[in-house]
There are 2 protein chains.
Amino acid sequence: MADTGQGSKKKRKTGAPERMDIRTIARFANVSIATVSRTINRVPTVNPKIAKRVWEVIEELDYFPNTQARALVSGRSWILGLIVSEITNPFFPELIQGFEDIAVEHGYEILVSSTNHDPKRMSHCIRRMLERKVDGVAVMTFGIEAPLLEQLAQRKVPLVFIDVGPDGPGINVLKVDYRHGIRQGVQHLAALGHRKIAFLRGPMGLHSAQSRLDAFSESMRECGITPDPAWILQGEHTLEGGMAAMQQLLAAKNMPTAVMCSNDMTAIGVLHTMYRAGLRVPDDLSVIGFDNIHMAEVTIPPLTTVQMSRFDLARAAVTALRACAEATEKPTQKREYSIQTDLVVRESTGFPKGTMKELRKKRPAKK
Amino acid sequence: MADTGQGSKKKRKTGAPERMDIRTIARFANVSIATVSRTINRVPTVNPKIAKRVWEVIEELDYFPNTQARALVSGRSWILGLIVSEITNPFFPELIQGFEDIAVEHGYEILVSSTNHDPKRMSHCIRRMLERKVDGVAVMTFGIEAPLLEQLAQRKVPLVFIDVGPDGPGINVLKVDYRHGIRQGVQHLAALGHRKIAFLRGPMGLHSAQSRLDAFSESMRECGITPDPAWILQGEHTLEGGMAAMQQLLAAKNMPTAVMCSNDMTAIGVLHTMYRAGLRVPDDLSVIGFDNIHMAEVTIPPLTTVQMSRFDLARAAVTALRACAEATEKPTQKREYSIQTDLVVRESTGFPKGTMKELRKKRPAKK
DNA sequence: CTGAAAGCGCTAACAA
DNA sequence: TTGTTAGCGCTTTCAG
């Protein structure tokens, strides 16, 4: 009777814990729902004494606001989307972890999707994110098709890409300096005496794969070596791709003395194929990877690879997205985010076979 | 004027694409919003002709319903939570992938969180899921602390656990038959002539880790071998844990001839430590893993391991959650979900050193 | 079979 | 500084 008239739709047992909403808090704290809302949102004009009382009730009743309602009215979901190529490539979980940590730290939830390089899936992904009204999307696929991209851009969701992306308001691009790490890799190889260096590239059409290859070719020329097109093969960024490419190399008459891979998975595939062939790394072939996934420390032998910080990548992505999402009108001047790469030398690289054999480094038996 | 009276809050330029909501669709299709809603939700009583018209308008305008609003009123978010221990252990991404695929297939979005075995994180995770009003949570951590669990259970969210969990309505447990695969592993080892078999267990307190160890001990006894407590070490389910444990084993006077690991990461750590020590697998030590992650195919040597299907796990989890979430009142009789495990023999296992040397299998040089 | 209208829980004007 | 109130976009009785 004294009820405000809201439908007592369900049972209403005595003492039964009633619907936990902002109204309940308001009633218990003897204030209006507006005040509760303001308290929760830390609007500074709330009387501290009252705020304290409200917080106490909130604690007491273990209340938390309904995200859906909040999102509905405010237009912000506090969800950030993250699209990756393949969650099963260890590079990405490490990235996702960082992204989650940083996003959560700032009050966001994340929606992760793996496209497996399938445009259909990618499209579906984007659609799902749009439906969930994400406040921004990080497209960490190292490449994306133009049409899909438009699908996103047109809805004017803040976006962040790696390497390349269209220009526009709310669109950010994280520039990765592949050159630095890859050049170090090539120079490292050259310094050891390698001239016959193959490159196992990533998928065609992937922008980052192309960038890595370009960085390789250029670095080679810097070192006075002309890259041989016959030694540029498809590694597909997968274990299987690496194995297949290495088999091709093995089958050819002219073998390189070193191979650089577009990512660590490919390199691990190479290592395995060498093992299968009864050949030794680095004695018979030097191998360099790219990414420096955790596993690279324990491959046999441990992998020399180019490190790209997933944490930096994650942080830059979240930062960029937040900057857009939380921008107060002003189209903040676009910040440049740049990610460094660096060579990590382990034990999969050595002198080319037959040369300077006398100098060949003895590997210590124990760590 | 003829307007329904809704605030024309913002600009209203002629021809400017107006707010895309259910009302717009209703207007274009000349029906009420209720009819549009029914059409979208495929309520069978809608006149097919009208439905068709509505769908056309929807297509035309590329409309999709606002998930937040829908969730707010219906009380269902169509989001499933997935809590895993460590996303950086390759077992989990493979699981997540399956979970995502199956969930999306049924119209759900997923919220993944990685706890890193940290109870604080786990608690925070659960809180976040509750706040987002998930329709169910799959706790795939292979172990969980009781208090946290209550936090979830009390909110009566449908839950699914692995191995063990509290009893209650809406709480499901996926039973994994560790015994089968592990017994096969022990028998395989025993058949090769091993009697000195170590076990590298997972984290203390992790229920599944205990189950795996129990299965091991029991299988050993079945084979007439008494497991030696000195050979049961902590592998922690990590690369580093595996390496450390193996080093301990190496330092001890009495070496086992084989070691079973509680997961593949541990086994890979073992492989690496053996390599570091200049010892060979399986010649000097046989190694068996658990999980059969993709990478296990390309370790050096390829890992003999116990396979547990992440896909089955994922499917069972989603199925169980859906059954609860979509249950129409009736507390559906609890279904039993059971997951099989099986040994996959590769090349990390062989005859124990010194015995039956003459029989030692020649490994083919090529695949 | 269809439409009108009452909210879902919350935020944000606008008043007081 | 606080309260009142009008929606956010949708589902769902309840009439027609």
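Each chain gets a letter, A, B and so on, in the order its sequence line appears, and its residues count up from 1. Below, all heavy atoms of this structure are taken into account, side chains as well, without hydrogens, waters or symmetry copies.
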Practice task
May I ask you to say whether B:Lys120 pairs ionically with B:Asp118, meaning some side-chain N is under 4.0 Å from a carboxylate O?
Solution key: no

Fill in the blank from the handout: Here the distance between atom P of C:dC10 and atom CH2 of A:Trp78, to the nearest Å, is 17 Å

Handout entry: Selection residues 62-84 of chain B - residue pairs positive for salt bridge (charged side-chain N to carboxylate O under 4.0 Å, His left out), sequence neighbours left out
Key = A:Arg127-B:Asp62, A:Arg155-B:Asp62, B:Arg76-B:Asp135

Exercise for the section: Nearest whole angstrom, please: distance from the P of D:dC10 to the CZ of B:Arg23. Expected result: 8 Å

Practice task
Take the C1' atoms of the five end pairs on each side of the helix from C:dC1-D:dG16 to C:dA16-D:dT1, derive the two axes, and give their angle rounded to 10 degrees.
Solution key: 40°

Handout entry: Flag side-chain contact, heavy atom, 4.5 Å: A:Val157 against A:Val134
Key = yes

Exercise for the section: Could you tell me whether the side chain of B:Lys133 reaches within less than 4.5 Å of the side chain of A:Thr67, counting heavy atoms only? Expected result: no

Exercise for the section: Report the distance from atom CG of B:Asp21 to atom P of D:dG9, rounded to the nearest whole Å. Expected result: 5 Å

Exercise for the section: Kindly state which residues belonging to residues 66-74 of chain A come within less than 4.0 angstrom of DNA chain C, counting heavy atoms of the residue only, listed by number. Expected result: A:Asn66, A:Ala69, A:Arg70, A:Val73

Fill in the blank from the handout: Here the ring pair (Phe, Tyr, Trp, His ring centres under 6.0 Å) pairs for residues 45-71 of chain A, sequence neighbours left out, are none

Exercise for the section: State, with a plain yes or no, whether a side-chain heavy atom of A:Ile102 is found less than 4.5 Å away from one of A:Tyr108. Expected result: no

Problem - Side-chain heavy-atom pair B:Asp21, B:Thr24 within 4.5 angstrom cut-off - result: yes

Practice task
Figure out the CD1/P separation between B:Ile22 and D:dC10, and round it to whole Å.
Solution key: 5 Å

Exercise for the section: Let me know the distance between CD1 of A:Ile33 and P of C:dC10, rounded to the nearest Å. Expected result: 9 Å

Handout entry: Shortest non-hydrogen separation from B:Leu174 to B:Leu313 and the atoms involved
Key = CD2-O, 3.8 Å

Problem - Integer-rounded Å distance: C:dG9 P and B:Glu131 CD - result: 16 Å

Completion exercise
Winner on side-chain proximity to B:Thr35, out of D:dT11, C:dC10, C:dG3, is C:dG3

Handout entry: A:Arg128 and B:Glu100 ion-paired at < 4.0 Å
Key = yes

Problem - side-chain N/O B:Arg76 vs D:dT11 OP1/OP2, d < 4.0 Å - result: no

Practice task
Could you state the atom-to-atom distance from CZ of B:Phe64 to P of D:dC10 in whole Å?
Solution key: 10 Å

Problem - d(CZ, B:Arg27; C1', D:dG9) in whole Å - result: 14 Å

Handout entry: B:Glu60, CD: over 12 other non-hydrogen atoms inside 6.0 angstrom
Key = no

Problem - Contact list for DNA chain C against residues 36-56 of chain A - heavy-atom distance below 4.0 Å - result: A:Ser37, A:Arg38, A:Asn41

Practice task
Tell me, please, which residues at least two apart from B:Phe99 pass ring pair (Phe, Tyr, Trp, His ring centres under 6.0 Å).
Solution key: none

